[in-house]
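When reading the values below, keep in mind they use all heavy atoms of this one structure, side chains included, and skip hydrogens, waters and symmetry mates.
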Amino acid sequence: MGALTLIVVLPLLGFLANGLLGNRLGKGFVTAVGCGLPAIAFAVTVKTVLALHGANWAPISETAYVWTMVGQDSFEVAFWFDRLTAVMALIVTGVGTLIHVYSTGYMHEDKSYARYFAYLNLFLFFMLSLVLGRSLLVLFVGWEGVGLASYLLIGFWFGDVEKAAAGKKAFIANRIGDAGFLLGMFVLYSALGTLDMPRINAAFNGPLVPAASASLVGILLFIGATGKSAQIPLYVWLPDAMAGPTPVSALIHAATMVTAGVYLVARMSGIYLHAPEASSVIAAVGALTALMAATIAIAQDDIKKVLAYSTVSQLGFMFVALGVGAYGVAVFHVYTHAFFKACLFLGAGSVIHAMSGEQDIQKMGGLARKIPVTFATFAVATAAIAGIPPLAGFFSKDEILWYALTSERGGSVLLFAVMAFTALLTAFYMFRLLWLTFFGKPRMGQEIAHHIHESPPSMTVVLAILAVASAVGGFFSIPHFLEPMLPMPVSAESMHHWHYWVLGGSIAIAVAGLAGAAWFFAGDASRAGAVKAAFAGAYRVLSNKYYVDELYAAVIARPLLWISDRVFLRLGDRLLLDGTLNGLAALAQRAAGRLARVQTGSLHKYAFMVLAGMVASLVWMWRHG
């Protein structure tokens, strides 16, 4: 077994071991297998990166086995490891392993401990299949697999109807996007006769123009990305994904599933470089999603919902970078976001753990001294996502703003203005979250206040590691590392003198967001209350998330429910199917009733019928004889 196959298979072995034996062999076995095998996968990934460097960064290819043959076409389960794969695999295995370790403390008392780690390992297996797959077919198997695993993890506590419904919502929303992905694959295969991604990129970058429209394929693949990476109009599943355990939220939102759409577009950059129309759509959808989600986050009081809409917004930043051709910058933000968002979600889990399950930030306050490690790490990650220099988020956000303004592949003043304003909102709502959670007077009940305590080392050590990564991760220039395979877009010559203005403006935006949050929520937060009262209507719209879920229910869900009930259930099932079957049964019953009259139990009648039969037979023989 080669190194690439081993990276993918190790979490699968953890899923099988914990799923089959975990409940019998106890939590020690579950912990060792559930955390140990992902850690080994991370170690093998690091070794493979070193081998890639030793080979002068020439891609490594490995075929596990031939899946099937269709005519002369061979479909293989093959893996591919290049610079982009290296970045993504290190994020998935590294941050994924830390989340597994954190889970040992967070989920220690859960009765389904083994099932939880089995699902978590399964999730990692499918995500690694997605990232390491050489062909779109293998990538799609991983793509669908993380959809399945997310359904299992979001609805982990399926005894709660709302949590089970959230899992179903995530599953259905992703299937809608996946239909577009499938159509894109069909178009590519019919035009090129292959689903091998390096060959597809080479075909679109070659001298001969492929028969497939790059814009059509780009839009179809992006439809899949809107589902997996939660962009308008398929973003609605991601906030509800908070129903699962908090470490699951960190795994889905930070390091794995939601970045799959960004990875897909970056991996297929050969198509999008020749699809300016599709790229413009990606940038526009990303900007609108980022802005919309940021405005919603301002009015949320559930600590996990604020972070969920923050994730949707940050994904919008990534797609803006993709839309203007800065593919390496988008992956850079994936990389920095993995650190600070994992730290924020796991920090939120630590807060919830300390607050005995309470998630409303309006019922918190004054936690900085009571849970100091959680506070310190959460503050670092908050500053990172807000773009405070020299933390990781500053570098990636600044580059996105720069290319949104200057890229000759779609940058504009309008796009920059939207993203700059969204960055301001990001800093404001994140520092609002920090302030209401950790500062001010305690607003929780006495019973909860009495039991507040810091999380165990299995959780706080992970938070510390992620906080350090959130602080220094930006100094490793991912765009420069990826530039040999993902060239950066050319900046307009007329914009070069704006570089330092954009840099200074980026810092000013972050500081303004911090200052605004402090001004509104310091003391008794009366200023925030006055603004909320003055704009009660707007606040109600934002707190209810623009009523998008209600709109979907009215326009899509209820009409489909009516059609399924009135047409398919009543007309199709009850009238056609049940009616036909019941009618045949009634006919047989009536015929049996008539024939039953022949059997009366009277010997005289039976003798008469025999005699009549004999006479009828003789008459028939006489007439035809």
Could you tell me whether a side-chain N or O of [X] sits under 3.5 Å from a main-chain N or O of [Y], the two making a donor and an acceptor?
| X | Y | result |
| --- | --- | --- |
| Ser279 | Tyr272 | yes |
| Ser407 | Ala404 | no |
| Arg409 | Leu273 | yes |
| Lys228 | Gly261 | no |
| Trp80 | Val131 | no |
| Ser313 | Ala290 | yes |
| Ser213 | Leu216 | yes |
| His333 | Val329 | no |

[X] vs [Y] side-chain heavy atoms within contact, under 4.5 Å:
| X | Y | value |
| --- | --- | --- |
| Val95 | Phe339 | yes |
| Leu315 | Thr289 | no |
| Val265 | Leu221 | no |
| Tyr403 | Val502 | no |
| Thr426 | Gln314 | yes |
| Ser135 | Met197 | no |

For this session: Decide if the gap between the ring center of Phe181 and the ring center of Phe140 is smaller than 6.0 angstrom.
Result: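 So the answer is yes for these two rings.
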Exercise. Do the two ring centres, one from Phe319 and one from Phe222, sit under 6.0 Å apart?
Worked result: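 They qualify: ring centres under 6.0 Å apart.
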Could you pull out the closest heavy-atom pair between [X] and [Y], with the gap in Å?
| X | Y | result |
| --- | --- | --- |
| Phe42 | Thr97 | CB-OG1, 4.3 Å |
| Ala89 | Leu132 | CB-CD1, 4.1 Å |
| Gln231 | Gly286 | OE1-CA, 3.5 Å |
| Asp82 | Met485 | OD2-CE, 3.3 Å |

To the nearest 0.5 Å, what is the distance between [atom1] on [X] and [atom2] on [Y]?
| X | Y | atom1 | atom2 | result |
| --- | --- | --- | --- | --- |
| Asp240 | Lys305 | CG | NZ | 5.5 Å |
| Ser506 | Ile400 | OG | CD1 | 10.0 Å |
| Glu399 | Leu401 | CD | CG | 10.5 Å |
| Leu37 | Leu12 | CG | CG | 10.0 Å |

Exercise. Which one of Thr85, Leu10, Thr93 satisfies the side chain to side chain contact (heavy atoms under 4.5 Å, CB included) criterion with Leu128?
Worked result: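 Among Thr85, Leu10, Thr93, the one that satisfies the side chain to side chain contact (heavy atoms under 4.5 Å, CB included) with Leu128 is Thr93.
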Problem set entry | Test log, rule side chain to side chain contact (heavy atoms under 4.5 Å, CB included), inputs Val548 and Val236 | CA-CA 8 Å; Val548 172; Val236 290; 3.9 Å; yes
Problem set entry | Chi angles and distances behind the side chain to side chain contact (heavy atoms under 4.5 Å, CB included) call for Trp402, Leu503 | CA-CA 8 Å; Trp402 171 248; Leu503 179 66; over 6 Å; no
Heavy-atom count around [X] [atom1] within 6.0 Å, excluding the residue itself: above 12?
| X | atom1 | answer |
| --- | --- | --- |
| Phe475 | CZ | yes |
| Phe421 | CZ | no |
| Tyr151 | OH | no |

Any side-chain donor-acceptor pair under 3.5 Å between [X] and [Y]?
| X | Y | answer |
| --- | --- | --- |
| Arg134 | Ser61 | yes |
| Thr295 | Tyr546 | yes |
| Glu277 | Ser215 | yes |

Problem set entry | ring-ring contact (aromatic ring centres under 6.0 Å, His included) between Phe75 and Tyr189, worked out | CA-CA 12 Å; Phe75 295 92; Tyr189 185 74; 5.8 Å; yes
Problem set entry | Lys341 vs Ser310, side chain to side chain donor-acceptor pair (under 3.5 Å): CA-CA, chis, key distance, verdict | CA-CA 9 Å; Lys341 186 51 64 68; Ser310 168; 3.1 Å; yes
Problem set entry | Parallel, tilted or perpendicular: ring planes of Phe476 versus Tyr335, cut at 30 and 60 degrees |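 Phe476 vs Tyr335 ring planes: perpendicular.
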For this session: Would you please classify the geometry between the Trp57 ring and the Phe481 ring as parallel, tilted or perpendicular, with 30° and 60° separating the classes?
Result: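 Geometry flag for Trp57 against Phe481: perpendicular rings.
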